[in-house]
Every structure is written in C-alpha cells, then in structure tokens.
Visitor: 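Okay, handing you the structure first.
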Amino acid sequence: MNDLRILVQKFGGTSVATPERRGQVAEKIIAARQEGYSPVVVVSAIGRKGDPYATDTFLGLVRGINPDVPKRELDILMSCGEVISGAVIVSTLMGLGYEAVLLTGAQAGIFTTNTFGDARIVRIKPKNILDNLKAGKIVVVTGFQGVTEDGEVTTLGRGGSDTTASALGVALDAEEIDIYTDVEGIMTADPGIVSDAKILDVVTYNEIFQLAYQGAKVIHPRAVEIAMQKNIPLRVKSTFSDAPGTLITSQLDNQTIEAGTDIKGDRLITGIAHTANVTQLRVSTLNEANVPEIDLKIFKAMALADISVDFITVLPGDVLFTVKDELADKAVKILKNMGFGIETRASCAKISVIGGGMAEVTGVMAQVIEALTLQGIQVLQSADSNNTIWVLVGKEDMVRAVRSLHESFGLGRQS
Ligand code: ADP
Ligand code: MG
C-alpha cells in the first residue's frame, strides 16, 4: 500500500510524566527514525490521578461542580489530557530539531461508534497521517479518542491508547506496534503482587488476550485482538531501558524463536492474572417449574439492566454468577423483584491461570486446587477452558492465591 516502513510507538502515562522521561521518549522515537522507520507515535495523558494534567484530575474538577455532567461533555473533557501530552511531545521533538505534527483522533481519521466513554473504533481514514509521513514528519496522535461520523468527540475507555495504537498499526500496515510502558515487558504475574515475576520473551496473541482480559492491565485486550486480525507483531517494552521486551505474535514457529528462547511448547502455564472487587450471586431456582427458561430470564434481566455478568455456573436448583461489586445492589434488587431467593458474597477476586500448553495436559486443575488448599484458601467457584482455569476466592485471599499459584507452577525467576 505504501513504501514507508511504519512503526507505531505508544507511550503510556508514566512514560510522559516528567521532562526527563519525555527526553527518553524522544530518544526512542529518534532511534526508530534513524533505523529507517516512519514513526507514528501514540501518547496517553500525562501522569496519574492527582497529577495536574491527568484525565482523572479533569473529571474530579468537573464532577466536584456537578456530578451529573452528561457523557458527551465528559468525553470532550477527557480528550484534553492526550491533547496536552501530544503537544508536549511534539514540542520536545521540535526542540531537538525534528519535524513533527500533532493530530487529534478526529484529525488522524479515527472514526468510532457513538458510545461516549466507551466507544469502539469502526474505521480509520489514514490519509492525513500518510500525507504527513510522506512529507517526512514524525506524526504524533492523541491516544484514547476518536470522532463519530457526526463529528462528536468520543473516548475509548480504560486502556484506550493501546487500542488506538493497534488500530493505527493495522490501518497503516505497520511493521510492528510497540507499546512502551514502565515495566520491561509482560510478566508472568502483576509485579506489584509477585516480586519474583518473570518477563515473557515471546507469547501468542491468544495467551496475552486472555491474560489482559482477565486483569493484567499492562496491555488492553482489545489492542491484542485488533493487532491479531492482521497479524501485526506487538511488542511491550520499557521506555526507560533497552531490554527487548515481550513479542506478541501468532503461532510460535522456528523463525520467530531464536536459540534459547522460551518456546510455547516448553510452557504449560504462561501467567496468572487477577481481578478484584466482584460479588458472587447465588440465585435459587429450586422452586421454579421450567428451569431452563428461568435461567434465561435471569440473564436477560441482567442484560436489560446493562449489568455484565461473569463466571456463570448453572446447576440444578442454583445459578451462580459474578458482577462488579458496585453493580451488586442493582442486580439483587432486580432479581428480588422477580421473586428469586438470592445469596450474595461481596468482595471476591477472580484468579485466572492462563496457559497455551494446558489443553492436553491432565492434572492442571488438580494442581491449582492443591496449591490453594495448602494455603488454607477456600475456592468459592471454579471453571476451565482449553487455555484458562478460573477460581473465585475471597479478596482477602487474593494476593496469597496469586503468589502460591505462581510458585506452584514454577513461573518465577528463581524457579
Ligand atoms: P501505561 O501507563 O504505560 O499504559 P499501565 O499502568 O497501563 O501503563 O500498565 C503497566 C503496569 O501494568 C505495570 O506497571 C504493572 O504494574 C502492571 N501489570 C499488571 N499485570 C502485569 C503483568 N502481568 N505484566 C506486566 N505488568 C503488569
Ligand atoms: Mg495502559
């Protein structure tokens, strides 16, 4: 489609937080340029909650005045953080003598649905980006935002800048999409919980989609899904070091695997992810006449109320599922109004053991249960698929559960 060698480079909030760090960001962009790439840079807003230019800070400001500001207006507000950080990065590059241009989501041709706060990218018109690249400019695009066909500004929800980067990578047929962050790659567990967690060298889209979907916030699952559609390699790496990071690709074949690389076949379990703050609901269907229809009624009622349910187990006489803690009261109210008996258990955590190699191996579930039982951790619910085992535990047991599973499957650096 074009003779440019396009590299998408996405920098997260912590990477652009200080002038020193932005200098390191500029070094990564300039290095890519010197290697012959045309960089398309995607930036997140500067810093985290409490920092002056962070998105959460803007939200706090406006909600402090009026908690009921419409989502449309909030999206215009939330799109400002990336505009600020984009202008700062472009200025940094220009100050170093490089030609650069800043494009907002709309100017970059990123069209989305009109679901404010959680819009989906539906189409990208890359002409403006390409014209600027052809003119020799470094293109900096504001992450996390787009525009509807009607010209309304939208944002993409948490982790949205990752999605912007992947969608641009696909639309521009990039050689690679690099997600720069504050850790040296995707690890076998959240390094904030497991100090012994190890960087993964090469992983498949499927494994990382699961890990991300089940709570590892290092990359957004949608970004993985999008890059996979066109088989564009994704790499997660650090802004602050030269470590190679984690390469995410399709099947791991001999070409992608260098000597000594940890290959998929060697790896039964890839990593452990966790999600906290869910409530388990147990709905009694024992006294109902037509059970299958009743089960369906329960889930239809939840869907109608926009309550997303997870971890569904249908048993004779009982339906178990989880919802986010903050939606539990709403869910219970609806089900009580329908006449059901309900028990709830708030503040649970879902732990996911993910591994592309577990499909044909027996005894993995047994090992999961054994590791938790040895720690005296009660398993409230469990389920499995060909590449994931899920267990629900009390939130107070979450950290111990993640650590003991990580150790039991020998995922650490010491193992
Ligand atoms: P960014 O602002 O660059 O998008 P994020 O905070 O979204 O960064 O993601 C990076 C963070 O993800 C890391 O600092 C780490 O604390 C956390 N994290 C959670 N699970 C994992 C994991 N399995 N591997 C690496 N990092 C993880
Ligand atoms: Mg992120």
Side-chain angles (χ1 to χ4, degrees), residues 8-18 21-22 24-25 28 41-51 53-56 81-82 85-86 89 142-145 155-166 177-203 207-224 226-227 234-241 243-248 267 269-276 349-355 388 398-399 402-403 405-406 409 411-413:
V8 176
Q9 299 178 295
K10 180 256 168 178
F11 296 91
T14 45
S15 298
V16 294
T18 64
R21 290 176 174 195
R22 294 193 284 269
Q24 288 170 292
V25 166
K28 297 291 183 195
V41 177
V42 176
V43 290
S44 297
I46 295 174
R48 301 273 154 88
K49 193 171 190 158
D51 295 332
Y53 307 115
T55 304
D56 281 328
E82 277 71 17
S85 83
I89 292 297
T142 54
F144 175 67
Q145 59 178 262
T155 67
L156 308 177
R158 291 279 154 194
S161 293
D162 294 342
T163 309
T164 303
S166 266
I177 302 156
D178 289 347
I179 307 289
Y180 283 94
T181 184
D182 58 354
V183 286
E184 290 195 333
I186 299 177
M187 300 169 137
T188 47
D190 183 344
I193 286 195
V194 182
S195 56
D196 186 36
K198 193 168 63 182
I199 308 276
L200 295 158
D201 299 333
V202 187
V203 286
E207 289 170 300
I208 294 313
F209 175 80
Q210 273 306 322
L211 205 69
Y213 188 70
Q214 301 301 344
K217 70 165 185 169
V218 62
I219 186 166
H220 195 274
R222 183 88 188 112
V224 179
I226 291 171
L234 264 171
R235 196 182 280 276
V236 176
K237 60 206 298 201
S238 168
T239 306
F240 315 116
S241 83
T246 302
L247 175 67
I248 311 171
R267 202 160 54 217
I269 304 299
T270 309
I272 317 284
H274 63 277
T275 323
K350 183 187 187 190
I351 318 285
S352 306
V353 179
I354 293 137
T388 309
M398 178 180 84
V399 170
V402 172
R403 286 181 185 158
L405 290 168
H406 194 265
F409 285 102
L411 298 179
R413 276 172 281 141

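Whatever order the structure lists them in is the order used to number ligands and atoms, beginning at 1.
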Visitor: Tell me which one of Lys10, His220, Arg222 satisfies side-chain hydrogen bond (donor to acceptor under 3.5 Å, both in side chains) with Asp162.
Guide: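 The side-chain hydrogen bond (donor to acceptor under 3.5 Å, both in side chains) with Asp162 is passed solely by Lys10 among Lys10, His220, Arg222.
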Visitor: Is there a donor-acceptor pair closer than 3.5 Å between any side-chain N or O of Ser166 and the backbone N or O of Ala223?
Guide: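 Yes.
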Visitor: Does ligand 1 have any N/O atom under 3.5 Å from a protein N/O, and what are those pairs and their distances?
Guide:
from, atom 1, to, atom 2, distance (Å)
ligand 1, 2 (O), Gly13, N, 3.2
ligand 1, 2 (O), Arg48, NH2, 2.9
ligand 1, 3 (O), Thr181, OG1, 2.7
ligand 1, 4 (O), Lys10, NZ, 3.2
ligand 1, 6 (O), Arg48, NH2, 3.2
ligand 1, 6 (O), Lys217, NZ, 3.3
ligand 1, 7 (O), Lys217, O, 3.4
ligand 1, 8 (O), Thr181, OG1, 3.1
ligand 1, 14 (O), Asp182, OD1, 2.7
ligand 1, 14 (O), Asp182, OD2, 3.3
ligand 1, 23 (N), Met187, O, 2.9
ligand 1, 24 (N), Met187, N, 2.9

Visitor: Between the main-chain N or O of Val16 and the side-chain N or O of Arg22, is there a donor-acceptor pair closer than 3.5 Å?
Guide: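 Yes; at least one donor-acceptor contact below 3.5 Å.
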Visitor: Please name all residues satisfying salt bridge (Lys or Arg N to Asp or Glu O under 4.0 Å) with Arg48, sequence neighbours left out, ordered by chain then number.
Guide: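 With neighbours one apart ignored, the set is empty.
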Visitor: Please tabulate, for side-chain N and O atoms in residues 180-187, each donor-acceptor pair with protein atoms closer than 3.5 Å (sequence neighbours left out).
Guide:
from, atom 1, to, atom 2, distance (Å)
Glu184, OE2, Ser241, OG, 2.7

Visitor: Would you please name every residue forming a salt bridge (Lys or Arg N to Asp or Glu O under 4.0 Å) with Arg21, sequence neighbours left out?
Guide: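 With sequence neighbours excluded, Arg21 shows a salt bridge (Lys or Arg N to Asp or Glu O under 4.0 Å) to no residue whatsoever.
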